[in-house]
Asks: 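Encoded as C-alpha cells, here's the structure I'll be asking about.
We count ligands from 1, going down the list as the structure has it; atoms in each ligand are counted the same way. In this text, all values refer to a predicted model and were calculated from it rather than measured experimentally. One-based numbering along the sequence shown.
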Amino acid sequence: MLIERADVIVTSPGRNFVTLKITTDDGVVGYGDGTLNGRELAVASYLTDHVVPLLVGRDAHAIEDTWQYLYRGAYWRRGPVTMAAIAAVDTALWDIKAKVAGLPLYQLLGGASRERCLVYGHASGKDIPELFDSVRAHLEEGFRAIRIQTGVPGLDSVYGVASSAAASIGDDTRYDYEPARRSALPAEESWDTRAYLRHVPSVFEAVRGEFGEDVALLHDAHHRLTPIQAAKLGKSLEPYDLFWLEDVTPAENQEALRWVRHHTTTPLAIGEVFNSVWDYQHLIREQLIDYVRSPITHAGGISSVRRIMDYAAMYQVKSGMHGPTDVSPIGLAAAVHLGMALHNFGIQEYMVHSERTREVFGPTHEFAGGGLRPSEEPGLGIHFDEALAAEHPYERAYLPVNRLQDGTVHDW
Ligand code: GCO
Ligand code: MG
C-alpha cells in the first residue's frame, strides 16, 4: 500500500490549525495534526515544500522507517517545526494503519489499559467569586480534576484567566487567554512575580475550603519563575495537595528542576514545549519530575511520544499530555488512543474545542465519568470536513508577550 498523495490543509475555525491528509493508492485516508500555535505557516511550508515530495510513493505501512527517514534524513534534528511536521506524518500513518486493520487505534498500541483517560479542565476567574463559579461549572460538567488560575491583585491580565468565566463549553471565548487574539501584533501583558507568589497560596486555600479535599487541583506557572522562586511556590502549596505544579521554570535548563525538587514534595509536570526524548534525558533518569507534558502534535507523533513514555515508565514518571485548544481534535484523539494503551498514563489535559472547531474536525471521542474515551471506529475516529475547513481561511494570530512592570520582557 503506497502513499499516493499528501495534502496540507490550513484552516481557522475559531483558531488556526495545520492538518496533514495522507491518501494511499487504494484510497485509505489518514489525518495528522501539525499545529504550532502562532507559527503555523512554518510547519505548513516544512510539510508542503520539504516533506510531501518525500512521502509520495513510500510504503504507507512503514511508519517507523518513515519516522527515522524524516528525522535522521533531514540532518537538522529536533526543534518544534521539524517535530510538529514529523508528528503530522506519523499520526496520519497510524490512522491509516488502524483503518486498514479495521480497529480503533488504541488496539494497535497494545489495547485498553483502563476504561477511560482521566482529564483535567481549566477553571479560572479574575477574582475568587468568579473562580468559584468556574470551578462549580466544571464540577457540574463532570470534571474531577481542575486546573486553577486566577487574576493577581495589581496586574491587569494574567495568563490562564478567561475574560468571561461564564463562557460555557463550545463557546469560542471560553479560553480567550491564549488567543488566537486576532490582532496584527502580539498583545502585551504585564507581570510581577512577588505579587503572584504572595497571592497563589491564598487562592488554593480558598478553593480547598469551598470544594473540599476530593477534587484534584492543578496549577500552571507558565515558565515564569527562577528555581528558588519555584521552590518557594511548591513549598507554599504543599498543604493544598496539588495533583501537579506545571512549568515552574523555563524548561531549557534541566538542572533548575533539581533545586525545586530538593525543596518541595509538590509533584512537578513539565515539557509542553519539549519536542524530543532528549529534552527529558536527565529530568526522567534523575527523577526530577513526575509528569511528562509533551503532546503528540509537537513531539514527533505517536511513535516518539510512546518512546518517551516507555523511558519514563522505568522511573515511575507518568504522562500528562498537553491538550490545549491549539492542539487540534486530531492531536487530542491521538493522545486519547495512546493514553488508553499506556501503562504509565497519568492524566490528559482537556480544553474543550469550540463548536466551530469540532464541526470541522468531527471528533468522535466521548467525555464521561471525568474522562475521555475514544470511539470504537477504526483509526483515530476523526471525520474531517474539508469543504467546511475551506470556509475558514488562515488568519495570522500571535500568542501574547509578557513584560515586567518596568518594561523588561519576561517569559510568557
Ligand atoms: C497549557 C499551556 C497552554 C499554552 C498554549 C500555547 O498548559 O495548556 O500552557 O496554555 O500556553 O498551548 O500555545
Ligand atoms: Mg502549560
Side-chain angles (χ1 to χ4, degrees), residues 12 14-18 33-43 80-81 83-84 87 119-124 134 138 143 145-150 157-163 173-182 186-187 189 191 196 200 216-225 230 233 242-252 257 267-275 279 289-299 319-329 331-332 335 346-354 357 372 396-402 410-412:
S12 191
R15 65 179 316 141
N16 295 314
F17 296 105
V18 176
D33 178 26
T35 306
L36 189 62
N37 198 7
R39 295 293 185 272
E40 299 87 358
L41 297 187
V43 183
V81 175
M83 298 309 277
V119 298
Y120 71 91
H122 283 206
S124 71
S134 177
H138 279 79
F143 284 94
I146 302 178
R147 191 184 90 155
I148 301 291
Q149 309 288 138
T150 54
S157 64
V158 173
Y159 163 79
V161 182
S163 58
T173 63
R174 192 177 208 202
Y175 312 113
D176 60 0
Y177 43 85
E178 50 186 40
R181 264 177 211 148
R182 308 288 180 199
E189 296 180 353
W191 183 248
Y196 165 78
V200 177
L217 299 178
L218 302 86
H219 180 68
D220 190 348
H222 227 250
H223 326 271
R224 291 168 185 212
L225 310 177
L233 178 64
L242 266 62
F243 186 97
W244 82 33
L245 180 57
E246 173 183 342
D247 283 344
V248 280
T249 60
E252 297 94 315
L257 273 295
L268 301 173
I270 208 158
E272 66 183 43
V273 301
F274 292 1
N275 46 65
D279 299 315
I289 58 169
D290 301 281
Y291 295 93
V292 162
R293 290 280 290 143
S294 287
I296 285 165
T297 300
H298 299 144
S319 71
M321 283 179 249
H322 193 205
T325 47
D326 49 279
V327 161
S328 89
L332 179 64
I347 199 166
Q348 173 64 45
E349 182 179 17
Y350 182 40
M351 286 172 78
V352 188
H353 289 102
S354 74
T357 299
L372 283 171
R396 185 161 53 234
Y398 291 99
L399 285 164
V401 294
N402 203 16
H410 193 60
D411 307 86
W412 177 70

Asks: Treating His353 as the side-chain partner and Val327 as the backbone partner, does any N or O pair qualify as donor plus acceptor under 3.5 Å?
Replies: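 Checked: pair present.
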
Asks: At less than 4.0 angstrom from any non-hydrogen atom of Pro324, what atoms of ligand 1 do you find?
Replies: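 By the 4.0 Å cutoff, the relevant atoms are 8 (O), 12 (O).
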
Asks: With a cut-off of 4.0 Å, which atoms of ligand 1 are near a heavy atom of Arg147?
Replies: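 In order of number, 1 (C), 7 (O).
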
Asks: Considering the options Leu268, Ile289, Asp290, Ile347, which one meets the side-chain contact (heavy atoms from CB on, under 4.5 Å) requirement together with Trp244?
Replies: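 Testing each of Leu268, Ile289, Asp290, Ile347 against Trp244, the sole residue satisfying side-chain contact (heavy atoms from CB on, under 4.5 Å) is Ile347.
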
Asks: Do the side-chain N and O atoms of Glu272 and His298 include a donor-acceptor pair separated by under 3.5 angstrom?
Replies: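 There is no such pair (donor and acceptor under 3.5 Å, judged by atom type) between the side chains of Glu272 and His298.
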
Asks: What atoms of ligand 1 come within less than 4.0 Å of a heavy atom belonging to Asn37?
Replies: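 In order of number, 6 (C), 13 (O).
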
Asks: Select one of side chain, backbone, both or neither to describe which atoms of Asp247 lie under 4.0 Å from any atom of ligand 1, heavy atoms only.
Replies: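 Under 4.0 Å from ligand 1, Asp247 contributes no heavy atoms.
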
Asks: Side-chain contact test, heavy atoms from C-beta onward, threshold under 4.5 Å: evaluate it for Val352 versus Tyr175 and give yes or no.
Replies: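 The answer is yes; the side chains approach within 4.5 Å.
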
Asks: What residues, two or more places apart in sequence or in another chain, satisfy side-chain hydrogen bond (donor to acceptor under 3.5 Å, both in side chains) together with Asn402?
Replies: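 Partners of Asn402 under the side-chain hydrogen bond (donor to acceptor under 3.5 Å, both in side chains) test: none.
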
Asks: Does the residue Tyr175 have a heavy-atom contact with ligand 1, meaning some pair of atoms that are separated by less than 4.0 Å?
Replies: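 Under 4.0 Å: no for Tyr175.
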
Asks: Would you say Arg293's side chain and Gly320's backbone share a donor-acceptor pair under 3.5 angstrom?
Replies: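 Flag set: sc Arg293 to bb Gly320 pair under 3.5 Å.
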
Asks: Any donor-acceptor pair under 3.5 Å linking the side-chain atoms of Asp326 with those of Thr35?
Replies: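 Thr35 vs Asp326: no donor-acceptor pair found between side chains.
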
Asks: Is there a polar contact, in the sense of an N or O pair closer than 3.5 Å, between Trp412 and ligand 1?
Replies: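 The answer is no, given that Trp412 and ligand 1 share no N or O pair closer than 3.5 Å.
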
Asks: Consider only side-chain N and O atoms of Thr325 and Arg15, and report whether a donor and an acceptor are under 3.5 Å apart.
Replies: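 There is such a pair (donor and acceptor under 3.5 Å, judged by atom type) between the side chains of Thr325 and Arg15.
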
Asks: Report the member of His222, His298, Glu246 with the shortest heavy-atom distance to atom 7 (O) of ligand 1.
Replies: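 Answer by nearest heavy atom: Glu246.
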
Asks: May I ask you to check whether Tyr120 has an N/O atom sitting below 3.5 Å from an N/O atom of ligand 1?
Replies: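 So ligand 1 has no N or O lying under 3.5 Å from an N or O of Tyr120.
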
Asks: Against heavy atoms of Asp326, which atoms of ligand 1 measure under 4.0 Å?
Replies: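 So the answer, numbered in order with elements, is 5 (C), 12 (O), 13 (O).
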
Asks: Answer yes or no: is there a donor N or O on one side and an acceptor on the other, between the side chain of His219 and the main chain of Ile148, under 3.5 Å?
Replies: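 Here the side-chain-to-backbone pair exists.
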
Asks: Within the side chain of His222, is there an N or O that forms a donor-acceptor pair under 3.5 Å with the backbone of Tyr159?
Replies: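 Looks like no, no N/O pair under 3.5 Å.
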
Asks: Without swapping roles, check the side chain of Glu349 against the backbone of Gly323 for a donor-acceptor pair under 3.5 Å.
Replies: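 Present.
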
Asks: Report, in ascending order of atom number, the atoms of ligand 1 lying under 4.0 Å from any heavy atom of Leu399.
Replies: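 Those atoms are 6 (C), 13 (O).
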
Asks: Atoms of ligand 1 less than 4.0 Å from His322 heavy atoms?
Replies: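 Atoms satisfying the 4.0 Å criterion: 1 (C), 2 (C), 3 (C), 4 (C), 8 (O), 12 (O).
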
Asks: May I ask you to list the protein N, O or S atoms found at less than 2.8 Å from the Mg ion (ligand 2)?
Replies: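 The answer is Asp220 OD2, Glu246 OE2, Glu272 OE1.
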
